[in-house]
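Reviewing the structure listed below.
Keep in mind the model is a prediction, meaning the values are calculated, not measured.
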Amino acid sequence: MSRPAGRDPRRLTRWWRLRSLRTRLTVIAATAIAVSVFVAFQVASELMDWELRDTAENQLRADSRVLATDAQRAGLAQVRLPPYPGSGRLVRVILPDGSTRTPAGQPALPPVSEHAGRVAQGASADLMESNDSEEGYLIYTLRAGDGAVQVARVADDSPINRFGFGMLLIGLFCVAGGALVGRTVARTGLAPIDRLTAAAVRVAHTRELDADIPDEGGGEIRRLIQSINDMLAALRDSRRAQRLLAEDAAHELKTPLTSLRLNVELLIRLDRRGTLDSALPAESRTRLLNDLGAQVAELTTLAAELTDLARGDVSDENTELLDLSDVVGAAATRARSRVPDIEVALDVTSVWVSGRPAALQRAVLNLIDNAGKWSPADQPVQVRLRAEGASAVLEVDDAGPGIDAADVPRVFDRFYRADSARALPGSGLGLSIVQRVVDAHGGRATVARSARGGALLRVDLPAVAPPDPIARRDAGEDAAVR
């Protein structure tokens, strides 16, 4: 069973899409030239046919007037009709009774038409008509005396045919030349694309991102090359960041893992010897177990922070309008539950921002945790939130020793820990995560010295207008339903 005809266009479209751009340009150029030659041939043929016909008709009218003048002078029956020379025009005289006279030796013309007969009877002055017989005569009838004279020519299509054959040869030559030119233009125009493709394949095979693709060409080609170079630069930065993250993570994991391994190996060795109870008194054993628990907690925190940092700005959490005071309050509650000894003093006002609640809460929690490490037991961590111009300003300060001036530029770097902080728990990632979250929300994080002598960490976020009370109430009802 043959396939439906409706599938043929789809098959042709699929075939066309599978062709290379160079082939498409070649086909388009050849087709455009072929169509142009065909249209030019049609127009030229019509003009040439019209011109030849007009010339033939004018010649027939002129010859008919000469013959009509002779016929009126000598009479239709007596007018002299020279013998037919073998080529050229054909003449005929139509007498009043409808009979005809023709030169000797002249081929027979088609019978007098009804319209030509009316001209001979005086119904009209003249008539130009074409005969549809095999010979194809062009006949002009002119009233003369009591009858009419006719002059005819065989319609000759040979000039049109010769012209058509010549145009066909020219068209074929133009199509072939157009295809060649199109191929050359396509090869020349797509040369930068070929080099760009080769460079991309080389990068894919060698995994080398350091070599930029030469900027050549113009317009769209240049923009494409620049975009790919920008992409390669971004990939280089991403690879460099991944390498640094892996190196820093390996370095930071080494110390707790080494300590944990030594403590575990000590317990295993003593247990195998059966001297665990005698070698480690209850107090030492409790201290060792507490150290193991602290090291496991430190590794857990470090792994969580590494995971959060490695995710970058990729998050499934949606951006929404939220009251930053609620986020700060929730973070303070979490900080108190994680470290019961920490005291957090809140001084917050309602300021609305557009952001991701969980990410912002994590950033505020890291700020409070960082300040809690340095604050003395009798000094609370002060957290202040206020609106300042078009910004929401969050400040977290402590009464600790503060940050040395040499350490200020690197406070928000990943894994950076000041010399005075190396004995304290932590991974050096908390403030780096704060910086990333603040940057993702279009804000700015800075560090200064607190009025109490400790560190003052400040976060500025773009503030937004609070939602309508009705919308806020509906949001509250939806949250209650959930």
Side-chain angles (χ1 to χ4, degrees), residues 34-173:
V35 171
S36 300
V37 170
F38 176 76
V39 172
F41 167 71
Q42 291 294 327
V43 173
S45 296
E46 291 295 330
L47 291 175
M48 185 175 182
D49 182 64
W50 177 83
E51 184 66 27
L52 291 176
R53 184 182 179 89
D54 186 65
T55 302
E57 289 179 354
N58 290 335
Q59 186 63 44
L60 290 178
R61 289 188 180 95
D63 292 344
S64 296
R65 285 194 293 268
V66 172
L67 182 58
T69 300
D70 294 341
Q72 288 177 348
R73 219 175 9 240
L76 293 174
Q78 286 78 31
V79 64
R80 180 175 175 274
L81 299 177
Y84 181 67
S87 63
R89 68 176 187 171
L90 296 88
V91 299
R92 181 166 59 187
V93 176
I94 305 176
L95 300 175
D97 59 0
S99 60
T100 60
R101 293 181 56 213
T102 57
Q106 178 179 281
L109 287 170
V112 178
S113 66
E114 180 180 353
H115 298 290
R118 291 198 186 100
V119 174
Q121 294 171 4
S124 60
D126 62 352
L127 173 68
M128 183 71 70
E129 59 184 342
S130 297
N131 182 268
D132 295 333
S133 64
E134 184 177 351
E135 292 293 336
Y137 290 101
L138 183 64
I139 303 174
Y140 181 70
T141 304
L142 179 65
R143 173 76 174 169
D146 295 333
V149 296
Q150 287 185 322
V151 180
R153 284 184 178 275
V154 177
D156 186 9
D157 294 333
S158 58
I160 300 294
N161 294 335
R162 288 194 298 271
F163 175 75
F165 181 73
M167 287 295 293
L168 177 62
L169 294 179
I170 294 174
L172 293 176
F173 175 77

*Side chain proximity check, R53 to S130, heavy atoms < 4.5 angstrom*: yes

_Closest non-hydrogen atom pair, E129 against A116_ = OE2-CB, 3.8 Å

*asked:* Distance check, rounded to the nearest 0.5 Å: L95 atom CG versus R101 atom CZ?
replied: 7.0 Å

*Of E57, E51, Q59, which meets side-chain contact (heavy atoms from CB on, under 4.5 Å) against T55?*
E51

*Donor-acceptor under 3.5 Å (N58 side chain, D54 main chain)*: yes

*Roughly how far apart are D146 CG and D97 CG, rounded to 0.5 Å?*
11.0 Å

*To the nearest 0.5 Å, how far apart are CG in L142 and CE in M128?*
10.0 Å

_Minimal non-hydrogen separation, S64 against Y140, with atom names_ = OG-CD2, 3.1 Å

*Once you round to the nearest 0.5 Å, how far does CG of L67 lie from CD of Q72?*
10.5 Å

_Gap separating the CG atom of L127 from the CZ atom of R143, nearest 0.5 angstrom_ = 13.5 Å

*Determine the minimum heavy-atom distance between P110 and I139, stating which atoms define it.*
CD-CD1, 4.4 Å

*What pair of heavy atoms forms the shortest contact from V112 to G117, and how long is it?*
CG1-N, 3.9 Å

*I94 and Q150: side chain to side chain contact (heavy atoms under 4.5 Å, CB included), yes or no, with the steps?*
CA-CA 8 Å; I94 305 176; Q150 287 185 322; 3.8 Å; yes

*Looking only at heavy atoms, which two atoms of A125 and V119 are closest? And how far apart?*
O-CG1, 3.7 Å

*Could you grab the distance from atom OG1 of T102 to atom CG of L90, nearest 0.5 Å is fine?*
9.5 Å

*Given side chains that start at C-beta, do those of H115 and T141 come closer than 4.5 Å, heavy atoms only?*
no

*Do V93 and V91 come close enough that some side-chain heavy atom pair is under 4.5 Å?*
no

*Do Q106 and L81 touch side chain to side chain, with heavy atoms closer than 4.5 Å?*
no

*Identify the two heavy atoms, one from Y84 and one from P103, that lie closest to each other, and give their separation to 0.1 Å.*
N-CB, 4.0 Å

